[in-house]
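Data block below; observations after.
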Amino acid sequence: MASGAMQFSRVAIYHSFAPAPWSDWATRWLGHDLATGAPVGPPPNLAAAPAAWTEAPRRYGLHATLKPPFVLGGGSRDLRAEFRQFCDGRAPVTVGALRLAPLGRFLALVPERQPAALSELAARVVRDFDRFRAPPSDAELDRRRGAGLAPPLEENLRRWGYPHVMEAFRYHVTLTGKLPRAARDDARAILETHLAPLLPQSLTLDALSLVGEDAEGRFHLVERRALSGSGGG
């Protein structure tokens with residue numbers, strides 16, 4: 001586990017996962033352990049999948065993003081303290097059952113139905129920690145706009161530095177990069193066979209993770225903290 005957020009080029013707030021059969025398998029599928037910051041081998045019941053399938057999500061580790069990666073604009077010590085205070089003041093929320101689904105050209109785990117409380121928590125994370133975010137560069141904005149953004153997404157980009165937040169937030173756990181159809185079908189068959197039977201009947205978001213990106217673009221856990229409050233506060 002990393003000792004602090006200040007050594008990293010970017011930070012983010014994730015829902016990462018406690019050890020469990022499904023999360024251990026999926027971590028090995030991606031090949032990078034967020035908690036240790038180290039590479040891991042493939043699941044024991046599976047030969048290594050083509051590295052290109054997981055190259056893009058590997059560096060992020062197994063997670064669902066709540067506050068997308070951002071450059072710190074200052075207040076690193078305050079960020080750690082506010083992260084702890086935020087977690088201590090909020091109750092866990094239900095994610096529900098997960099299913100494997102294509103999101104465009106990549107595969108991810110998504111809730112059967114996204115609960116309103118989950119969307120509200122994600123919005124609160126984006127809003128409450130935005131004061132720590134440095135404004136994105138023109139190059140970053142141009143990259144986000146590369147495929148064209150609908151007006152609501154453009155507004156999110158301008159206001160929050162990322163398009164897919166607030167009303168556009170969709171909880172998802174990415175398992176592959178963008179794949180051609182045949183490769184996506186092959187990956188889906190493997191995931192349906194080996195990962196889907198391990199998925200919990202109902203997942204709870206009971207902790208948040210503060211993470212940081214190193215100089216090589218890999219993400220590491222800074223701190224995982226339980227949501228121990230009694231409400232949304």
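For reference, positions follow the sequence shown, starting with 1.
Partners of Val71 according to the side-chain contact (heavy atoms from CB on, under 4.5 Å) rule, which considers only residues two or more places apart in sequence or in another chain, are Arg10, Ala134. Residues that satisfy the side-chain hydrogen bond (donor to acceptor under 3.5 Å, both in side chains) test with Asp33, not counting sequence neighbours, are absent from this structure. When the side-chain hydrogen bond (donor to acceptor under 3.5 Å, both in side chains) test is applied to Trp22, no partner is found at least two apart in sequence or on another chain. Remark: Arg99 pairs with no residue by the side-chain hydrogen bond (donor to acceptor under 3.5 Å, both in side chains) rule, at least two apart or across chains. Taking Arg59 as the reference, Glu213 meet the salt bridge (Lys or Arg N to Asp or Glu O under 4.0 Å) condition, with sequence neighbours excluded. Taking Ser119 as the reference, Gln114 meet the side-chain hydrogen bond (donor to acceptor under 3.5 Å, both in side chains) condition, with sequence neighbours excluded.
Judged by distance alone, the side chains of Trp53 and Asp186 never bring a donor and an acceptor atom under 3.5 Å apart. Between the side chains of His164 and Asn156, no donor N or O sits under 3.5 Å from an acceptor N or O. Between the side chains of His32 and Tyr60, not a single donor N or O lies within less than 3.5 Å of an accepting N or O.
A heavy-atom distance below 4.5 Å is found between the side chains of Leu121 and Arg90. Using a 4.5 Å heavy-atom threshold, the side chains of Leu175 and Thr54 count as separate. Side-chain contact check for Arg170 versus Val110: every heavy-atom pair is 4.5 Å or farther apart. Between Arg84 and Glu223 there is a side-chain heavy-atom pair separated by less than 4.5 Å. Using a 4.5 Å heavy-atom cutoff, the side chains of Pro68 and Val165 are in contact. Looking at Pro92 and Leu205, their side chains never come closer than 4.5 Å, going by heavy atoms from C-beta outward. Residues Arg124 and Asp128 are in side-chain contact: their nearest non-hydrogen atoms beyond the backbone lie under 4.5 Å apart. Taking the side chain as every heavy atom from C-beta outward, Trp25 and Leu191 approach each other to under 4.5 Å.
Looking at Glu154 and Arg158, a side-chain N of the basic residue comes within less than 4.0 Å of a carboxylate O on the acidic one, giving a salt bridge. Ion pairing between Glu55 and Arg58 fails under the 4.0 Å rule for side-chain N and carboxylate O. Look at Arg159 and Glu155 and you find no salt bridge, because none of the NZ, NE, NH1 or NH2 atoms lies under 4.0 Å from a carboxylate O. Between Arg133 and Asp130, at least one side-chain N (NZ, or NE/NH1/NH2) sits under 4.0 Å from a carboxylate O, which counts as a salt bridge. The existence of a salt bridge linking Asp88 and Arg225 is confirmed by a sub-4.0 Å separation between a basic side-chain nitrogen and an acidic carboxylate oxygen.
Leu30 contributes atom CG, which lies 8.5 Å from atom OG1 of Thr174 (distance to the nearest 0.5 angstrom). The distance from the CZ atom of Arg188 to the CG atom of Leu100 is 5.5 Å, given to the nearest 0.5 Å. Taken to the nearest 0.5 Å, the CG atom of Leu179 stands 10.0 Å off from the CG atom of Asp185. From Leu34, atom CG reaches atom CZ of Phe219 across 9.0 Å, with rounding to the nearest 0.5 Å. Note that CG of Leu141 and OH of Tyr162 are 13.5 Å apart. Values are rounded to the nearest 0.5 Å. Within the model, atoms CG of Asp206 and CG of Leu227 stand 7.0 Å from one another, a figure rounded to the nearest 0.5 Å.
Ring geometry for Tyr171 versus His15: interplanar angle of 30 to 60°, hence tilted.
Follow the hydrophobic side-chain contacts under 4.5 Å out from Val40 and you never reach Leu62; the two are in separate clusters. Linking ILVMFWY residues whenever their side-chain heavy atoms come closer than 4.5 Å, directly or via other members, leaves Phe132 and Met166 in distinct clusters.
Ser137 places a side-chain N or O within 3.5 Å of a backbone atom of Glu140 that can act as its donor or acceptor partner. Thr176 places a side-chain N or O within donor-acceptor distance of the main-chain N or O of Leu107, the cut-off being under 3.5 Å. Checked by atom type and distance alone, the side chain of Lys67 pairs as donor or acceptor with a backbone atom of Val126 at under 3.5 Å. Not a single donor-acceptor pair under 3.5 Å links the side chain of Ser209 to the backbone N or O of Val211.
Scanning all heavy atoms of the two residues, the minimum distance from Pro111 to Val95 falls at CB-O, 3.6 Å. Residues Leu66 and Ala122 approach most closely at CD2-CB, 3.9 Å, considering heavy atoms. Contact detail for Thr204 and Val93: the closest heavy-atom pair is CG2-O, 3.5 Å. Pairing each heavy atom of Leu210 with each of Arg80, the nearest pair is CD2-CD, 3.9 Å. Minimum interatomic distance between Gly177 and Pro57 (heavy atoms only, all atoms of both residues): N-CD, 3.6 Å. Minimum heavy-atom separation, Pro163 to Ala168: O-CB, 3.8 Å.
A centroid separation of less than 6.0 Å is found between the aromatic rings of Phe86 and Phe129.
Atom CD of Gln85 sits in a sparse spot, with 12 or fewer heavy atoms from other residues, nucleotides or ligands closer than 6.0 Å. Residue-environment remark: CD (Glu167) exceeds the threshold of 12 foreign heavy atoms within 6.0 Å.
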Test log, rule side-chain contact (heavy atoms from CB on, under 4.5 Å), inputs Val11 and Leu79: CA-CA 10 Å; Val11 297; Leu79 171 62; 4.0 Å; yes
